[in-house]
Chemist: 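First, the structure itself, so that you have it in front of you.
Along the sequence shown, the residues carry numbers beginning at 1. Whatever order the structure lists them in is the order used to number ligands and atoms, beginning at 1.
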Amino acid sequence: MSKIIASAAIRGAQEIVKRVDQKVKDAIEKYGADKEIAYPNTAYYLPIIYGNLGIKVEKLGDMPQIMEKCKELVPEVPAEELWIPYLGPTLDAGMATLFAYDIEEALKYVDPDACPYLPGGTEYVDPESDNIWLGAADDVIMRKRGVEFVDGSAPGFAAIVGAAPDNETAVKIAKELQEKYLYVFMAADHNGKNMAEQLKEEGVQLGWDTRLVPFGKDVSAAIHALGFATRAAMSFGGAKPGDYKKVLRYNKNRIFAFVIALGTVTDEWYAAAAGAINYGFPTIADTPIPEILPTGICTYEHVVSNIPHDQIVSKAIEVRGLKIVIKKVDVPVSYGPAFEGERIKKDQMRLELGGPKSTGFEFCEMREMDEVEDGKIEVVGKEIDELEEGGLTPIAIWLEVAGRKFQKDFEPIIERQFHHMLNEAEGVLHIGQRDILWMRISKKAFDAGFKLRHLGQILHDKLHQDFGAIIDKLQCTIYTDIDKIKEKLEYAKKVWHERDTRLAGMVDEEVDTYYSCTLCQSFAPSHVCVITPERPGLCGAYNMLDCKASYEINPTGPNQPIPKGDVVDEVKGRWKNTDEFIYTHSGQAIEYASAYSIMDNPMTSCGCFEAIAAFLPMCNGIMVVDRDYTGDTPCGMRFSTLAGTVGGGLQTPGFVGISKMFVGSKKFISAEGGILRLAWMPKALKEFLADAIKKRGEEEGVADLYDKIATEEDCTTEEELYEFLEKVGHPCLTMDPMM
Ligand code: SF4
Ligand code: ZN
């Protein structure tokens with residue numbers, strides 16, 4: 001058995017290496033060895049090669065050495081009589097295939113006009129567009145989606161090559177994988193078709209948002225699945241480039257992935273499957289091909305064949321040993337995170353609710369225990385079947401909760417859950433929050449029996465599951481009656497206003513207890529966020545109330561109270577107990593951290609910072625750049641490079657990862673003079689934070705500070721920035737030296 005497999009994989013690898021070798025030669029002849037080559041917006045070069053060999057391929061001239069390596073790796077095809085009892089040569093052939101594919105795919109980017117892929121960074125595939133192929137994911141997508149693999153909201157991915165025998169089967173397989181929270185990466189054709197094309201024909205929405213990702217039509221495009229996995233190992237698993245053992249082990253242990261081969265398994269597919277085995281990813285095929293059963297240390301099958309389509313997903317999950325806990329939500333449509341990103345166009349919708357042309361709001365408030373009847377869901381006004389098809393109606397979602405451990409401070413946290421909880425129902429679109437709520441319900445959902453009352457049902461089921469520790473009972477009323485809605489909205493507005501003033505009024509000096517977050521230690525082991533009322537977590541997802549609620553829900557979890565103790569340094573933001581907490585919980589790697597300083601032992605940065613603040617020595621100021629801005633910056637590094645320098649749980653004086661909102665806080669690098677140091681930021685971020693920056697400028701006595709902050713439209717080097725600052729008279733030039 002092994003002999004046939006070895007032969008097929010090795011034959012495939014030989015063909016691939018030969019072909020790619022020729023392509024490299026042709027490209028060098030055409031463009032020259034110095035021609036730069038890169039996947040869009042990434043700090044990981046050609047990730048398979050960089051991760052496993054530690055070699056940065058930056059120019060065409062860097063490729064031939066890799067091809068030589070491939071040739072060394074591919075063994076001879078075993079002679080007929082030779083019996084190979086172990087997988088070694090097959091695995092080597094597989095690795096050579098992966099390196100060669102990485103090069104073959106990168107070559108597609110050499111001429112941007114001829115590139116078959118949508119622009120780098122595209123997440124959403126427009127259903128009207130002829131081109132559906134996304135190619136390599138850039139680092140922004142990688143970070144955003146990679147975090148889901150780390151925090152468990154996506155257990156892994158299925159790499160699908162080929163096409164199902166018919167569209168209906170394709171849709172079924174995709175949906176089954178989506179419902180198991182898995183990403184679906186699609187590449188290669190079978191009889192001229194790829195599964196993504198079958199899904200498109202059936203009107204299924206493709207893209208990162210729906211977790212159905214069409215990489216490309218060539219089998220080489222499957223490399224982007226492994227490229228993603230390799231980058232995850234480096235970015236979240238702490239694997240150093242070139243430490244192939246760690247890269248492969250991280251994937252085998254942490255990324256639950258497998259290959260599903262639909263259609264004729266060619267020698268090339270076999271070679272690619274052999275490559276995937278190196279990562280611990282088995283292949284499940286729908287055709288009768290030779291199987292590779294467990295050997296040595298591996299406890300599961302490597303290649304399993306001839307599996308019927310209705311069993312292929314469950315078989316793959318069983319072989320890879322995935323344990324997926326699907327939480328039940330009692331609605332007549334599919335439910336899960338894969339449906340969160342789904343869009344519903346006008347002609348697909350049965351009903352539109354709220355939005356700019358109507359009124360819509362959602363609200364959560366605490367009640368006494370005896371005031372709530374758990375599970376009671378009421379619709380006041382018309383239900384969906386009594387409303388005109390394709391019409392618009394106002395809506396209010398009114399949630400009342402009670403719990404012995406529930407606190408008023410948790411109301412906004414629960415209210416914020418509505419967005420993703422409701423969006424995760426297939427056929428329900430939810431945009432905005434509070435009184436800018438806008439929703440759509442699709443015809444398909446309606447036909448499946450979805451009613452407005454199910455919105456309440458979703459909140460009921462999900463909140464009990466996820467917030468059971470603080471919520472004992474909840475009831476929900478859905479209003480579509482405009483008079484009632486107006487009356488309720490008046491009240492809600494008052495409550496929101498009180499909430500905002502209470503939150504905005506909270507200052508660090510007035511509380512005794514801060515909170516920690518160590519959630520990111522799973523990939524940045526020495527990282528600790530200390531979260532105070534005026535300093536949210538650097539990911540932007542946790543403020544102090546979130547941490548407090550999370551602690552109530554899970555007292556042994558990643559958010560712990562830190563009674564701050566005596567002040568060590570008021571200006572820099574150090575307290576006896578936060579110092580101690582950071583020292584202990586960083587595994588003694590970090591002695592202490594200053595909450596308000598960028599220069600003296602700033603807080604550690606894990607990798608999920610929304611933005612990075614960086615010291616600009618010539619300007620005596622700082623810049624802030626966020627993840628969405630991919631261009632050059634005055635500190636000489638783009639965001640992706642900066643992120644690589646600052647992340648990983650380290651303290652890097654002069655640099656600090658922050659949340660965007662922190663820029664508007666009075667404690668934002670207040671040790672060095674605060675917002676008056678802010679000299680440069682991307683235009684989009686500046687506009688996003690406009691109100692906060694203007695307000696803070698006024699408070700600091702520089703009312704036109706906002707206009708004095710440069711953006712990429714003014715300059716992208718520090719020299720130019722200095723000139724700009726002189727011209728506008730930016731305050732940082734005359735402040736005390738930062739160093
Ligand atoms: Fe928690 Fe900080 Fe990670 Fe955000 S960045 S999840 S606050 S540890
Ligand atoms: Zn983090």
Chemist: Please could you name the atoms of ligand 1 that L538 approaches to less than 4.0 Å, counting only its heavy atoms?
Modeler: 5 (S)
Chemist: Could you establish whether I531 and ligand 1 come within less than 4.0 Å of each other, counting only heavy atoms on the residue side?
Modeler: yes
Chemist: Taking N, O or S atoms only and a limit of 2.8 Å, check whether C517 reaches atom 1 (Fe) of ligand 1.
Modeler: yes
Chemist: Measure from NZ or CZ of R343 to the centre of the six-membered ring of Y124 and say whether it is under 6.0 Å with the direction within 45° of the ring axis.
Modeler: yes
Chemist: Report yes or no: is the cationic atom of R535 (NZ for Lys, CZ for Arg) under 6.0 Å from the centre of the six-membered ring of F662, at an angle within 45° of the ring normal?
Modeler: yes
Chemist: Can you list the atoms of ligand 1 that are under 4.0 Å from a heavy atom of G537?
Modeler: 7 (S)
Chemist: Is C539 close enough to atom 2 (Fe) of ligand 1 to have an N, O or S atom under 2.8 Å?
Modeler: no
Chemist: Given the ring of Y50, does K56 sit roughly above its face, with NZ or CZ under 6.0 Å from the centre of the six-membered ring and within 45° of the axis?
Modeler: no
Chemist: Can you tell whether the side chains of K548 and E552 come within less than 4.0 Å, N to carboxylate O?
Modeler: no
Chemist: Using a strict 4.0 Å cut-off to heavy atoms of C606, name the atoms of ligand 1 that fall inside it.
Modeler: 5 (S)
Chemist: Go through ligand 1 atom by atom and flag the ones less than 4.0 Å from a non-hydrogen atom of H527.
Modeler: 2 (Fe), 8 (S)
Chemist: Report the residues that fulfil side-chain hydrogen bond (donor to acceptor under 3.5 Å, both in side chains) with E509, sequence neighbours left out, ordered by chain and then residue number.
Modeler: K667
Chemist: Going by side-chain hydrogen bond (donor to acceptor under 3.5 Å, both in side chains), name the pairs with one or both residues in residues 565-575, residues two or more places apart or in two chains.
Modeler: K572-D600, R574-D579
